[in-house]
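Since the structure comes first, as structure tokens, the remarks are kept for the end.
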Amino acid sequence: MKKGKVRTFQSRLREDIKDPEFKIHYQEERQALKLAMKIAELREKKGLSQRQLAELMGTSQQAISRIESGEYEGFTLKTLEKIAEATGMRIKIEFVAA
């Protein structure tokens, strides 16, 4: 049996990212995941469980779980403000070159 070259995730991604439509979707998903990870990291840094953060925000633990999943698409400025207020933080929004 002949062994073929093993493709890694990185090599496949380098190939797929050449497709402009794929690249747009990939970047959108990456941004959503980065935001979710920042929220989870902030919550943990503040020593809060998902349930505790939910109570401070007036929502459910399940909602916090969805927000931190990376698949949540309902981010609004109001949601981010509630997270900031509940964690004693403030929001900083900036535009950067694409």
Side-chain angles (χ1 to χ4, degrees):
M1 177 184 271
K2 185 177 177 182
K3 291 185 179 180
K5 184 178 176 184
V6 176
R7 289 182 65 182
T8 65
F9 173 78
Q10 289 298 326
S11 66
R12 174 66 191 257
L13 180 59
R14 276 193 298 276
E15 185 180 309
D16 289 344
I17 207 84
K18 293 174 186 174
D19 175 357
E21 187 175 344
F22 177 88
K23 186 175 182 177
I24 289 169
H25 292 294
Y26 175 78
Q27 289 172 334
E28 288 172 355
E29 292 298 320
R30 188 168 184 230
Q31 283 297 103
L33 185 56
K34 282 171 65 176
L35 182 55
M37 289 173 64
K38 283 184 182 244
I39 291 168
E41 192 176 287
L42 172 61
R43 177 184 56 75
E44 290 171 0
K45 184 177 177 183
K46 295 295 182 172
L48 298 170
S49 66
Q50 288 184 344
R51 183 170 307 285
Q52 290 168 320
L53 179 58
E55 288 173 6
L56 291 169
M57 291 176 58
T59 191
S60 67
Q61 178 273 323
Q62 292 84 357
I64 302 303
S65 179
R66 280 192 304 276
I67 288 170
E68 292 182 358
S69 74
E71 296 179 16
Y72 182 71
E73 295 180 357
F75 284 110
T76 63
L77 185 54
K78 185 154 189 85
T79 300
L80 297 175
E81 287 172 338
K82 284 182 177 184
I83 293 167
E85 184 178 330
T87 57
M89 303 296 282
R90 63 184 178 88
I91 298 172
K92 176 184 174 185
I93 298 172
E94 60 183 307
F95 294 93
V96 295

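- Minimum interatomic distance between Thr79 and Met57 (heavy atoms only, all atoms of both residues): O-CE, 4.2 Å.
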Report task. Decide side chain to side chain contact (heavy atoms under 4.5 Å, CB included) for Glu41 and Lys45; before the verdict, give the C-alpha distance in whole Å, the side-chain angles of both, and the deciding distance to 0.1 Å. Result -> CA-CA 6 Å; Glu41 192 176 287; Lys45 184 177 177 183; 5.7 Å; no
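- Considering every non-hydrogen atom in both Arg43 and Leu53, the closest pair reads CD-CD2, 3.8 Å.
- Put simply, the side chain of Arg51 never gets that close to the backbone of Gln61: no donor and acceptor are under 3.5 Å apart.
- For CZ of Arg90, the number of neighbouring non-hydrogen atoms (other residues, nucleotides, ligands) closer than 6.0 Å is 12 at most.
- Cluster membership for Ile83 and Met89, using ILVMFWY side-chain heavy atoms within less than 4.5 angstrom, is shared.
- Between Leu13 and Tyr26 there is a side-chain heavy-atom pair separated by less than 4.5 Å.
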Query raised in the report: Can you check side chain to side chain contact (heavy atoms under 4.5 Å, CB included) on Glu81 and Ile91, steps first, answer last?
Result: CA-CA 7 Å; Glu81 287 172 338; Ile91 298 172; 3.7 Å; yes
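- For residues 78-98, no residue pair satisfies the ring pair (Phe, Tyr, Trp, His ring centres under 6.0 Å) rule, not counting sequence neighbours.
- Residues Ile93 and Leu35 share a hydrophobic cluster, clusters being chains of Ile/Leu/Val/Met/Phe/Trp/Tyr side chains in contact below 4.5 Å.
- For Leu56 against Ala86, the heavy-atom pair with the smallest separation is CD1-O, 3.5 Å.
- Taking Glu21 as the reference, Asp19, His25 meet the side-chain contact (heavy atoms from CB on, under 4.5 Å) condition, with sequence neighbours excluded.
- Between the CZ atom of Arg30 and the NZ atom of Lys23 there is a distance of 11.0 Å, given to the nearest 0.5 Å.
- Here the CD atom belonging to Gln50 is positioned 11.5 Å from the OG1 atom belonging to Thr59, to the nearest 0.5 angstrom.
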**Report entry** Steps toward side chain to side chain contact (heavy atoms under 4.5 Å, CB included) verdict (Ile39, Ile64)
**Finding:** CA-CA 9 Å; Ile39 291 168; Ile64 302 303; 5.9 Å; no
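- Residues Gly70 and Ala32 share a closest heavy-atom pair of O-CB, 3.8 Å.
- Tracing side-chain contacts under 4.5 Å through hydrophobic residues (I, L, V, M, F, W, Y), one never reaches Val6 starting from Phe9; they form parts of separate clusters.
- Lys38 NZ to Glu68 CD: the interatomic distance, rounded to the nearest 0.5 Å, is 14.5 Å.
- Taken to the nearest 0.5 Å, the CD atom of Glu55 stands 11.0 Å off from the OG atom of Ser60.
- At a threshold of 4.5 Å between side-chain heavy atoms, the hydrophobic network of Ile, Leu, Val, Met, Phe, Trp and Tyr places Leu42 and Leu33 in two separate groups.
- Residues Lys34 and Gln31 are in side-chain contact: their nearest non-hydrogen atoms beyond the backbone lie under 4.5 Å apart.
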